[in-house]
Every structure is written in C-alpha cells, then in structure tokens.
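Structure record follows, encoded as structure tokens.
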Amino acid sequence: MRVEGTHHRSIWLDEETGALRIIDQTKLPHRFEVRTLADFESVVEAIRTMRVRGAPLIGVTAAHGLALGLSADPGDRALTRMANELVATRPTAVNLHWAVVRLVESVWSLPPEERAAAARARAVALCDEDVACCEAIGTHGLTLLRELAREKSGEPLQILTHCNAGWLATVDWGTALAPIYKAHREGLPVHVWVDETRPRNQGASLTAFELREEGIPHTVIVDNAGGHLMQRGLVDAVLVGSDRTTSTGDVCNKIGTYLKALAADANGVPFFVALPTSTIDWTIDDGLEQIPIEERDAAEVREIVGRTAEGRLERVALFSAASPVANPAFDVTPARYVTRLVTEEGCFEASRPGLAALRATKEADRDGD
Ligand code: MRU
C-alpha cells in the first residue's frame with residue numbers, strides 16, 4: 001500500500017545490499033523510519049518491542065530472523081535454540097509458530113552450509129505468499145461489503161475496526177483492511193470508525209495512518225465509543241483481524257475485540273473476522289481454555305508516547321507508578337458472536353463444520369496445484 005504516494009511493503013530485502021529492512025512501527029504515525037535488521041538478535045528485539053507487529057508480519061519476520069541466524073551459525077543446536085527463542089517472543093499470535101515450523105522443516109535435512117541461503121529463499125517466498133493471501137482475503141471480503149452496500153443507496157458503508165489489521169500488520173494489503181482497500185478502489189463509498197486501541201494505540205497510530213495515506217474516509221474514536229455508535233445505527237459492520245482462531249471458530253484478537261462483538265450482537269450488526277488460514281490453530285477447539293494470552297509490560301498502560309509541539313517524541317506518565325497494572329494484550333471472542341470468517345479460501349461460518357469446510361477447500365486447492 002502507499003505512503004506519500006509510493007508503494008511500500010512492511011518488510012523487504014534491499015535490492016542493492018540484500019539487507020533486511022522494516023518500517024519501525026513504534027515511530028508511526030509521527031515518523032516514517034526504515035530500519036535495518038542485521039542479525040538474529042535485532043529481529044528478536046524488533047518483534048519483542050513491536051517495531052514489527054501483527055500476526056502475519058511477525059511470522060514472516062521471524063522466518064527472516066532464522067535465515068539471518070543461520071548465516072552466523074547453521075548448526076542443529078543453534079537452529080533449535082533460535083526457533084524456540086522466536087516462538088517465545090509473542091505467545092498468542094500463532095502465525096509466528098506456523099512460520100518458524102515451516103522454515104525449520106525446509107532446512108533441517110540440508111547440510112549446514114546450504115541452510116542460510118535456503119532459509120532466506122523460503123522467507124522471501126513466505127512474504128510473497130502472504131501478499132497473495134491477503135489480496136485474496138480482500139477479494140472475498142469485498143463480496144460481503146458489496147452485499148451490505150446494496151442497502152445503503154449510495155451512502156457510505158460504515159465499518160468499525162479494532163487494532164491494526166492493515167498492511168502494516170502483514171506484508172501488504174492487510175487482513176481486515178484488505179476488503180476496505182478493494183472497496184475504495186472500485187468506488188464503493190466507505191467510512192471507517194477506527195478504535196484507538198489502548199494501550200498501544202495501533203488504531204489511532206497505524207490504522208488511521210494507513211487509511212489517510214490511501215485517502216479513505218475515517219474517524220478515530222475512543223475504544224468505549226463503539227457500543228454507542230452501534231446503538232445509533234451508525235455502524236453497518238464490524239471488521240477485525242485475528243491473532244489465533246480455533247478449529248471451532250473462536251477468535252483471539254487484540255484486547256477489546258470481545259466487547260465489540262458483544263455490542264455488535266446486541267445491536268444486530270454483522271461481526272466479520274478476516275484472517276489467513278495460517279492464523280488458524282487446528283490443534284485446539286476451545287479459545288478461552290487453550291489460547292495463551294500475552295501479558296505485556298505495565299509501562300504500556302502507565303505511559304504514553306506522543307509528539308511535542310517542537311516535534312520531539314516524548315514519553316510521559318499517565319498515572320502513578322504506585323498503582324498496579326494488568327495488561328492482557330488479547331481476548332477471545334466465542335464463535336457464536338462471529339458472523340463470518342473471511343479467509344483467502346472464501347467466507348466460512350465460525351463453527352466446527354464451517355472450519356471443516358474451510359480445511360477441505362484448502363486441501364482441495366492444494367491438491368489442484
Ligand atoms: O499486538 P499486535 O499489534 O501484534 O496485535 C495485532 C492485532 O491484534 C490485530 O488486531 C490483528 O488483527 C491481528 S494481525 C492482522
């Protein structure tokens with residue numbers, strides 16, 4: 001997607017030097033800074049501190065991290081240690097585990113001297129696959145938006161989104177924002193209510209930035225405003241992403257998503273979840289019991305970073321350090337509140353049979369390739 005009119009991906013290899021580059025998302029929206037990740041350690045740091053974040057992007061960044069690590073030490077023991085370390089950085093987003101497993105599988109049987117190059121090629125392929133996958137999510141989600149738009153007689157479709165599930169959370173296109181980009185490009189009028197998404201403010205800082213750069217009408221709201229807007233008939237659909245979805249359709253996503261689902265249910269607003277199938281954890285069937293919820297640092301709640309009038313980025317305290325803080329980063333929305341799952345394979349019911357149908361479609365597509 002675009003930044004100041006120029007197309008960007010969120011992660012890429014520099015054409016001249018081959019260096020791994022990312023956009024430092026901790027600086028957005030105030031500064032667009034590109035950062036080089038030169039070794040395994042800098043990749044781990046970037047994921048842990050959320051310079052890169054969003055389930056699909058974390059996965060492919062980890063894959064590149066392993067490639068970098070293997071160029072320093074291609075041995076079995078190093079590979080196992082690095083894979084474990086990466087998986088532990090963000091415990092909820094399952095794409096991380098998915099990508100690390102794929103990467104390890106693709107190099108394990110190779111002689112050590114061939115591993116780094118093979119891993120790098122695989123990481124590049126995973127990035128390209130993510131782009132194609134998110135674009136397909138956009139195409140399938142667009143059919144749902146077109147249906148809803150029919151009842152709007154040309155008025156903008158009002159979509160509420162939470163957190164950032166746009167191109168910055170993936171390699172390009174995004175998950176929840178991909179159908180919105182497609183709708184806007186084909187001239188379907190849309191307006192997006194952007195939840196600010198405390199404590200890290202991915203909505204206000206990243207989603208609003210993305211939509212602004214693409215020229216899509218949007219309004220930032222505090223997280224508590226969604227229910228009120230839905231009661232007033234000002235939301236036609238909620239569209240969010242996912243960090244892990246179970247084989248029964250329970251959806252784990254950024255903290256606060258569950259409350260939006262409850263409000264949507266109470267007000268008859270469709271609640272759509274967009275996700276690549278790499279976000280599905282087929283091994284579990286109960287999101288509440290089985291998904292580990294990442295507990296993040298108290299400083300994310302106590303402090304906030306903003307830009308001063310002079311243009312400096314400054315961190316300030318919001319309340320006393322003497323008050324204890326709880327900071328669960330994700331919550332689980334039970335499948336019964338999810339109207340549809342939008343994936344690269346099409347739109348499916350969030351239920352055990354719905355997920356089984358999705359799996360069968362995916363397998364049939366793979367066999368057909
Ligand atoms: O903690 P983050 O910023 O990595 O979490 C990302 C989310 O929860 C997003 O909402 C998203 O839907 C998942 S990634 C497309």
Side-chain angles (χ1 to χ4, degrees), residues 1-38 42-43 45-47 49-68 86 90 93 95-96 98-100 102-103 119-139 141 161 163-182 184-185 202 205-216 241 243 274-279 344:
M1 296 288 118
R2 284 177 293 228
V3 179
E4 292 183 357
T6 302
H7 177 261
H8 283 271
R9 283 186 174 190
S10 61
I11 184 166
W12 68 97
L13 294 176
D14 186 278
E15 274 177 21
E16 279 170 25
T17 62
L20 179 63
R21 304 262 204 251
I22 57 149
I23 298 164
D24 186 347
Q25 299 191 23
T26 61
K27 300 291 191 318
L28 289 172
H30 307 298
R31 287 187 200 147
F32 183 81
E33 272 185 26
V34 171
R35 196 176 171 91
T36 298
L37 302 182
S42 57
V43 168
E45 189 270 350
I47 297 175
T49 59
M50 292 172 70
R51 296 186 197 281
V52 288
R53 26 70 50 206
L57 178 58
I58 298 169
V60 297
T61 308
H64 272 296
L66 280 179
L68 285 170
L86 280 166
R90 301 285 315 265
N95 304 59
L96 177 55
W98 177 91
V100 166
R102 255 141 209 85
L103 214 286
R120 189 175 160 97
R122 186 76 175 114
V124 168
L126 285 177
C127 287
D128 291 341
E129 281 168 31
D130 185 71
V131 177
C133 187
C134 288
E135 183 166 10
I137 290 171
T139 304
T161 192
C163 194
N164 171 258
W167 68 272
L168 288 166
T170 64
V171 180
D172 205 350
W173 285 103
T175 56
L177 294 195
I180 295 173
Y181 289 133
K182 293 244 165 188
H184 181 70
R185 286 185 182 186
Q202 289 96 327
S205 311
L206 305 175
T207 302
F209 170 82
E210 286 192 23
L211 294 172
R212 203 170 55 243
E213 294 292 333
E214 284 292 320
I216 298 180
D243 292 84
L275 69 157
T277 48
S278 51
T279 298
E344 75 274 20

Given side chains that start at C-beta, do those of [X] and [Y] come closer than 4.5 Å, heavy atoms only?
X: Lys27; Y: Glu33; value: yes
X: Glu135; Y: Glu344; value: no
X: Asp24; Y: Val34; value: no
X: Pro276; Y: Cys134; value: no
X: Glu129; Y: Val60; value: no
X: Phe32; Y: Ile23; value: yes
X: His64; Y: Leu37; value: no
X: Leu206; Y: Trp167; value: no

Residues Leu20, Leu13; criterion side-chain contact (heavy atoms from CB on, under 4.5 Å); working and verdict: CA-CA 5 Å; Leu20 179 63; Leu13 294 176; 3.9 Å; yes
Exercise: identify the closest heavy-atom pair between [X] and [Y]:
X: Ala169; Y: Pro56; value: O-CD, 3.4 Å
X: Ala176; Y: Gly241; value: CB-N, 3.9 Å
X: Ala274; Y: Ile137; value: CB-CG2, 3.9 Å
X: Ala99; Y: Gly59; value: CB-O, 3.2 Å
X: Ala63; Y: Leu126; value: CB-CD1, 3.8 Å
X: Phe209; Y: Leu28; value: CZ-CD2, 3.8 Å

Exercise: do Arg53 and Gln202 side chains pair donor with acceptor under 3.5 Å: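 No.
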Between Asp172 and His8: side-chain donor-acceptor atoms closer than 3.5 Å: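 No.
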To the closest 0.5 Å, what do you measure between [atom1] ([X]) and [atom2] ([Y])?
X: Arg185; Y: Tyr181; atom1: CZ; atom2: OH; answer: 8.5 Å
X: Leu96; Y: Thr61; atom1: CG; atom2: OG1; answer: 9.5 Å
X: Ile11; Y: Thr170; atom1: CD1; atom2: OG1; answer: 11.0 Å
X: Ile22; Y: Arg35; atom1: CD1; atom2: CZ; answer: 6.5 Å
X: Arg120; Y: Leu103; atom1: CZ; atom2: CG; answer: 12.5 Å
X: Thr26; Y: Met50; atom1: OG1; atom2: CE; answer: 10.0 Å

Full working for side-chain contact (heavy atoms from CB on, under 4.5 Å) between Leu57 and Leu168: CA-CA 8 Å; Leu57 178 58; Leu168 288 166; 6.0 Å; no
Any sub-3.5 Å donor-acceptor pair from [X]'s side-chain atoms to [Y]'s backbone N or O?
X: Thr49; Y: Glu45; answer: yes
X: Asn95; Y: Trp98; answer: no
X: Thr36; Y: Ala38; answer: no
X: Glu214; Y: Met1; answer: no

Ionic contact status for Arg21 with Glu15, cut-off 4.0 Å: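 Looking at Glu15 and Arg21, the cut-off is not met.
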Full working for side-chain contact (heavy atoms from CB on, under 4.5 Å) between Thr207 and Asn164: CA-CA 5 Å; Thr207 302; Asn164 171 258; 3.2 Å; yes
Enclosure of Arg9 CZ (heavy-atom neighbours >12, cutoff 6.0 Å):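 Enclosed: over 12 neighbouring heavy atoms sit under 6.0 Å from CZ of Arg9.
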